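For reference, the structure discussed in these notes is given below.
Keep in mind it's a predicted model, so treat the numbers as computed, not measured. Just so it is clear: chains get the letters A, B, ... in the order the sequence lines come, proteins before strands, and each one is counted from 1.
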Amino acid sequence: MMKPAPIQFEQNVRRALGNAGLQRAMARAKSGFIDKRRAAVSALPEFEALREQAAAIKAHTLENLADYLEQFESQVHATGGQVHWARTPEEACEAVLAICHKAGARTVTKGKTMAGEEIGVNQALSEAGIEPVETDLGEYIIQLAGERPSHIIAPAVHKTREEVSELFHHHHQPLGFNDRLREIPELVDQARKVLRGRFLQADVGITGANFLVVETGSSVIVTNEGNGDLTATLPRVHIVIAGIEKIVPTLADTAVLLRVLARSATGQEMSAYTTFSTGPRRDGDLDGPEEFHVVLIDNGRIDMLGNEFRDMLRCIRCGACLNHCPVYGAIGGHAYGSVYPGPMGAILTPAIAGLEESRDLPQACTLNGRCNSVCPVKIPLTSLLRALRSRQWDLKLVTQRSRYLLRIWAFVAKRPRLYHWMARLGIGLLGRIARGKGRFTALPFAGAWTGARDFPAPQGITFQHAWKKQKLP
Amino acid sequence: MSDARAAMLNRIRAALGQPASNPSPSGRQAAPRIRPHWEEPDRERFAAKLAKAGATSTILRTLEELPGELDRYLNKHGLERKLLASVDEDWTTLPWNDIRIDIGPNLGDGLVSLTSAYGGIAETGTLVLLSSKASPTTLNFLSEYHVVLLREKDLVRHMEDIFERMWKEMPTLPRTVNLITGPSRTADIEQTIQLGAHGPRQLHVVLLAG
Ligand code: SF4
């Protein structure tokens with residue numbers, strides 16, 4: 001289940017900024033992602049036009065979502081699969097457990113699925129006595145560490161190789177791997193060996209979906225490791241867990257989205273494996289699952305369809321907005337305390353878990369707009385964040401302090417030049433704070449944060465003066 | 001669950017301001033699709049993209065050269081002289097000499113597999129493999145070395161061309177359509193790219209000219 005920890009947000013931030021290992025890992029990851037994306041995008045002159053088209057395809061699909069879902073369902077039926085509808089995480093887990101019980105499952109391998117994180121499927125399986133085994137290397141690492149993903153496509157991005165080395169040494173020793181490994185190739189290899197056995201042994205495989213194609217009834221996964229394919233192919237039963245917004249009308253539409261997805265996510269033109277799974281194995285097939293199930297999840301999405309946050313449902317989970325976000329880069333994904341971090345998470349989480357549960361997340365933004373400009377489906381992320389802030393305002397969910405800041409923010413927002421100056425300053429301050437030498441506890445961080453982000457020089461008060469006033473008790 | 005289905009569909013229609021009945025979908029006019037453009041011949045583009053994705057490739061003039069090519073490949077990598085292969089009418093009759101060919105899925109112990117591609121996509125250096133009685137999916141993922149035969153006549157320009165061909169040739173998609181672009185890889189530890197995460201460490205494409 002999604003358990004945001006809003007109360008701890010400020011603490012999380014301080015801890016993140018003081019964590020030297022995290023800061024090293026984040027610094028390395030950030031430039032890597034940004035450079036790779038930039039290279040891939042500049043090598044494709046058609047990229048902007050494709051973004052436009054990708055956004056239009058998603059918008060059209062959402063406008064006709066009920067019809068497309070029904071058609072998708074009948075295609076899945078026509079090819080021998082089954083569709084399950086789930087309003088809540090509980091209903092989704094129930095559906096998964098019912099399938100697993102019927103299959104007599106003891107172990108379940110899992111490809112990477114953020115929808116699975118969202119519904120808390122691992123916990124539900126464990127509680128039912130079924131062992132979930134994460135097989136994506138990053139997911140496997142954090143499963144060993146007992147953590148949750150800190151990035152939607154690179155779940156272990158916050159871990160250094162030393163930490164992975166330690167984890168593997170600890171967990172693989174009982175399996176007979178006695179040497180402590182330090183090099184990345186050796187570590188990857190050891191995980192491959194350990195997980196190979198698990199793949200062959202699993203009764204059920206659970207994957208997410210990047211797309212659900214209406215005209216064919218297919219679920220599409222885009223991966224690099226091949227773990228998703230082994231998960232979807234080897235066990236007797238394949239379950240796909242996906243939000244209802246994953247629907248795409250045609251294969252031709254999917255092609256457009258694939259062109260922007262990999263480039264935005266990892267800077268590849270195509271990920272190593274893009275796989276269309278349609279129904280169970282056919283008569284005479286020599287491998288493949290005997291059952292194919294798709295669990296369609298609402299969990300707050302239908303509300304978004306009917307309000308000003310519909311655009312957010314275009315999201316194809318590429319992670320680019322995280323990679324380009326100065327706040328995410330400074331604090332990492334865990335500080336958000338939610339399944340989805342970064343700009344997309346700051347909007348999705350309140351929609352899914354409720355605004356009250358995640359009141360700080362919409363504030364975790366400098367409104368610099370880099371996320372908007374990299375989003376492959378052109379989601380106006382900063383406008384949506386602004387809309388969330390004004391909702392919080394209406395619902396009186398803002399604390400005394402943020403209320404004061406918001407008022408000032410509104411003052412500045414109406415004055416574009418001042419606003420831009422502030423936004424620039426905001427990034428600078430954030431950077432300076434992040435570069436400090438572990439003395440963050442001494443800093444009034446949450447105050448500094450909001451101050452840095454939207455603090456203007458209101459009439460009669462100097463910036464320094466106002467800054468001091470924001471110090472936490 | 002059927003409650004959930006009706007409730008969800010109704011709420012979606014309400015959210016969209018649509019009547020609860022089932023109108024036919026709006027039938028979006030297929031907008032002219034933007035497809036990447038390039039100047040060089042498709043074969044060149046394909047080979048360059050393959051290399052960029054970390055795969056190796058070679059061009060053969062005739063199918064008879066295939067056993068020789070596999071012989072070289074196995075030697076080069078110091079591998080045992082046996083292959084796990086999908087069914088391809090054209091190659092089962094070739095003189096494989098001392099290379100042993102087993103036909104069937106990979107149950108976990110096959111080191112080298114040989115399969116034939118349904119098509120190739122020049123745009124991205126992508127291979128298209130379809131599951132069937134003749135062609136089990138495990139051959140594409142459980143082996144450490146994957147050798148794929150692609151006939152040049154099956155090389156298309158864009159991804160959409162492959163989809164169009166499938167639509168013409170088959171009533172429904174096979175269980176699994178794999179678009180494969182290079183060997184298995186991961187960057188999950190410190191963003192460092194490492195080949196052979198869970199799938200093949202090496203992908204070798206044999207392009208049969210003509
Ligand atoms: S909001 Fe846009 S940039 Fe962020 S993950 Fe979703 S699609 Fe990618």
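For a heavy-atom cut-off of 4.5 Å, chain A lies close to B:Ser184, B:Arg185, B:Thr186, B:Asp188, B:Ile189, B:Glu190, B:Gln191, B:Thr192 in residues 184-193 of chain B.
In this structure, no portion of B:Ala53 lies under 4.5 Å from any heavy atom of chain A. With a 4.5 Å cut-off on non-hydrogen atoms, A:Leu195 touches chain B through its side chain but not through its backbone. Only the side chain of A:Thr79 comes within contact range of chain B, with at least one heavy atom under 4.5 Å from a heavy atom of that chain. Using a 4.5 Å cut-off between heavy atoms, B:Thr172 touches chain A through its side chain atoms alone. At a 4.5 Å heavy-atom cutoff, the contact between B:Pro200 and chain A is made by backbone and side-chain atoms alike. Heavy atoms of A:Ser277 lying under 4.5 Å from chain B belong to its backbone as well as its side chain. Contact of B:Trp38 with chain A is not made at all, since no heavy-atom distance falls under 4.5 Å. Heavy atoms closer than 4.5 Å to chain A are found in both the backbone and the side chain of B:Glu123.
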(message) For A:Leu69 and B:Met8: C-alpha separation, side-chain torsions, deciding distance, then whether side chain to side chain contact (heavy atoms under 4.5 Å, CB included) applies.
(response) CA-CA 10 Å; A:Leu69 281 166; B:Met8 281 168 68; 5.9 Å; no

(request) Begin with the C-alpha distance, continue with both residues' side-chain angles, and end with the deciding distance and a verdict on side-chain hydrogen bond (donor to acceptor under 3.5 Å, both in side chains) for B:His37 and B:Glu39. (result) CA-CA 7 Å; B:His37 175 80; B:Glu39 300 292 342; 3.3 Å; yes

(request) Just do the side-chain hydrogen bond (donor to acceptor under 3.5 Å, both in side chains) check on B:Thr115 and B:Ser86 with the steps written out, would you? (result) CA-CA 5 Å; B:Thr115 64; B:Ser86 61; 5.1 Å; no

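Using a 4.0 Å cut-off between charged side-chain N and carboxylate O, A:Arg161 and A:Glu183 make a salt bridge. Between B:Arg157 and B:Asp42 there is a salt bridge, with a side-chain nitrogen of the basic residue lying less than 4.0 Å from a carboxylate oxygen of the acidic one. A:Lys112 has no carboxylate O lying under 4.0 Å from a charged side-chain N of A:Glu225, or vice versa, which leaves the two without a salt bridge. Looking at B:Arg165 and B:Asp154, a side-chain N of the basic residue comes within less than 4.0 Å of a carboxylate O on the acidic one, giving a salt bridge.
For an aromatic pair to be called close, the ring centres must be under 6.0 Å apart, and A:Tyr140 with B:His198 fails this.
Interface remark: of the candidates A:Ala78, A:Pro45, A:Ala255, A:Gly226, A:Ala255 forms the most heavy-atom pairs closer than 4.5 Å to chain B. For the set A:Asp229, A:Asp298, A:Ile244, A:Asp283, the entry with the most heavy-atom pairs within less than 4.5 Å of chain B is A:Asp229. In terms of heavy-atom pairs under 4.5 angstrom with chain B, the leader among A:Pro280, A:Gly306, A:Gly138, A:Ala272 is A:Ala272. Each of B:Leu107, B:Thr176, B:Leu16 has some count of heavy-atom pairs under 4.5 Å with chain A, and the biggest count is that of B:Leu16. When each of A:Tyr273, A:Phe47, A:Phe33 is checked for heavy-atom pairs under 4.5 Å with chain B, A:Tyr273 comes out on top. Contact tally against chain B (heavy-atom pairs below 4.5 Å) for A:Glu46, A:Arg259, A:Glu63, A:Arg281: the top residue is A:Arg259.
Aromatic ring orientation, B:Tyr145 versus B:Tyr73: perpendicular (interplanar angle above 60°, classes split at 30° and 60°).
Partners of A:Lys159 according to the side chain to side chain donor-acceptor pair (under 3.5 Å) rule, which considers only residues two or more places apart in sequence or in another chain, are A:Glu147.
No side-chain heavy atom of A:Val194 sits under 4.5 Å from any side-chain heavy atom of A:Phe168.
Counted within 6.0 Å of CD on B:Glu169, heavy atoms from surrounding residues, nucleotides or ligands total more than 12; the atom is thus considered enclosed.
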